[in-house]
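To start, the structure itself, in structure tokens.
The model shown is predicted, which means the values in this text are computed figures rather than measured ones.
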Amino acid sequence: MTFPEDSLRTGLPVEEVQRLAQKAAIRPDWIADLIEISGRPQGGTASRKASWILRHVARLDTTCIAHQSQALLRAIDQSGDPRVHRELLKALLDLPKEELEGMGEDLYELGLGLCADPSLPVAMVHVGVQLLHTSGQPLGEEVVEIWRERGAQAETPALARFLAMQLASRNRRST
């Protein structure tokens, strides 16, 4: 491992995250290290900070994380931290369009699961909806059912409105 893991500490300022992301953008070995650290099952500060840096790398230049979809999905599966999941999923959504197109069914299933799981934070529902739309798959009746149910039991009025808008938009597209 070549990434300086000791830099992944509590209180890491955003400026340092951005600096590390700029360095990682030109170091493919660091990208692999950051994905590996993010996917650690025990989680913790290092995993959270690594995923945060990866998200910044993806914002800088999506080609830096190109061809990393399977590694990102493995890291998401291995990590038990919803904060890590969110950052990695956002990085995943920043993959080049061509790579995302080949992941349609995986993105659909992942998005559906995020929308359906009431134990996940509200922000994950938003990511789930993004995954569903990015999947390129037709939004089936299971999506409608989950969005209705989750919207009816929404933790916040904002989530209820968001899901109602998603349903209305889906209904307009299907008519």
Side-chain angles (χ1 to χ4, degrees), residues 8 10-18 21 34-35 38-39 41 43-62 65 68-69 72-73 75-97 99-101 103-175:
L8 303 173
T10 301
L12 184 66
V14 69
E15 297 81 16
E16 181 70 8
V17 168
Q18 292 167 338
L34 288 166
I35 293 171
S38 296
T45 300
S47 293
R48 289 184 195 129
K49 302 305 178 183
S51 66
W52 192 26
I53 293 168
L54 277 169
R55 175 67 174 119
H56 278 271
V57 169
R59 284 182 184 163
L60 286 172
D61 183 0
T62 58
I65 61 165
Q68 298 293 333
S69 59
L72 288 167
L73 286 173
I76 292 164
D77 284 343
Q78 292 169 348
S79 171
D81 188 330
R83 290 175 278 193
V84 171
H85 294 165
R86 183 166 179 243
E87 294 299 326
L88 292 178
L89 287 166
K90 285 184 168 188
L92 183 78
L93 285 165
D94 282 334
L95 285 168
K97 185 178 179 178
E99 192 167 354
L100 287 170
E101 286 172 352
M103 301 174 62
E105 289 181 28
D106 290 335
L107 297 179
Y108 187 89
E109 291 300 320
L110 189 54
L112 193 61
L114 294 176
C115 289
D117 188 344
S119 71
L120 293 175
V122 170
M124 293 302 281
V125 175
H126 290 272
V127 174
V129 169
Q130 285 180 289
L131 287 164
L132 286 166
H133 288 300
T134 302
S135 76
Q137 305 291 307
L139 302 180
E141 287 304 312
E142 66 276 7
V143 172
V144 171
E145 185 179 317
I146 288 170
W147 285 354
R148 276 192 189 131
E149 184 177 317
R150 187 77 192 254
Q153 301 170 2
E155 298 90 326
T156 66
L159 178 60
R161 280 191 307 275
F162 174 71
L163 290 173
M165 288 179 358
Q166 294 300 314
L167 284 167
S169 175
R170 184 218 176 257
N171 290 338
R172 279 192 301 276
R173 283 191 300 267
S174 65
T175 56

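Using a 4.5 Å heavy-atom threshold, the side chains of Trp147 and Leu132 count as touching. Under the 4.5 Å side-chain criterion, counting only non-hydrogen atoms from C-beta, Val144 is not in contact with Leu139. In this structure, Val143 and Cys115 have side chains that are not in contact, with every pair of non-hydrogen atoms separated by 4.5 Å or more. Contact check for Ile35 versus Ile65: no side-chain heavy atoms found under the 4.5 Å cut-off. Two residues are said to be in side-chain contact when any heavy atoms from C-beta on lie closer than 4.5 Å; Glu87 and His56 fail this criterion. Side-chain atoms of Trp52 and Val84, non-hydrogen and from C-beta on, never get closer than 4.5 Å to each other. Residues His133 and Gln166 are in side-chain contact: their nearest non-hydrogen atoms beyond the backbone lie under 4.5 Å apart. Residues Leu8 and Ile53 have side chains in contact (heavy-atom distance under 4.5 Å, counting atoms from C-beta outward).
Atom-to-atom distance recorded for Leu131:CG and Leu93:CG is 4.5 Å, nearest 0.5 angstrom. Here CG of Leu107 is found 12.5 Å from CG of Leu112. Values are rounded to the nearest 0.5 Å. Atom OG1 of Thr45 sits about 10.0 Å away from atom CG of Leu12, to the nearest 0.5 Å. His126 NE2 to Lys90 NZ: the interatomic distance, rounded to the nearest 0.5 Å, is 10.0 Å. Between the CD1 atom in Ile76 and the CZ atom in Arg86 there is a gap of 13.0 Å [rounded to 0.5 Å].
A distance-only check finds no donor-acceptor pair linking the side chain of Arg148 to the backbone of Ala164 [under 3.5 Å]. Within the 3.5 Å criterion, the main-chain N or O of Leu167 finds a donor-acceptor partner in the side chain of Asn171. Between the side chain of Thr134 and the backbone N or O of Gln130 there is at least one donor-acceptor pair closer than 3.5 Å.
Looking only at atom types and distance, the side chain of Asp81 has no donor-acceptor partner in the side chain of Ser79 under 3.5 Å away.
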Salt bridge (charged side-chain N to carboxylate O under 4.0 Å, His left out) between Arg170 and Glu141, intermediate numbers included:
CA-CA 10 Å; Arg170 184 218 176 257; Glu141 287 304 312; 3.4 Å; yes

Between Glu155 and Arg150, does the salt bridge (charged side-chain N to carboxylate O under 4.0 Å, His left out) criterion hold? Intermediate values first, please.
CA-CA 9 Å; Glu155 298 90 326; Arg150 187 77 192 254; 2.8 Å; yes

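When each of Thr62, Leu89, Leu100 is paired with Asp94, the side-chain contact (heavy atoms from CB on, under 4.5 Å) condition holds for Thr62 and for no other.
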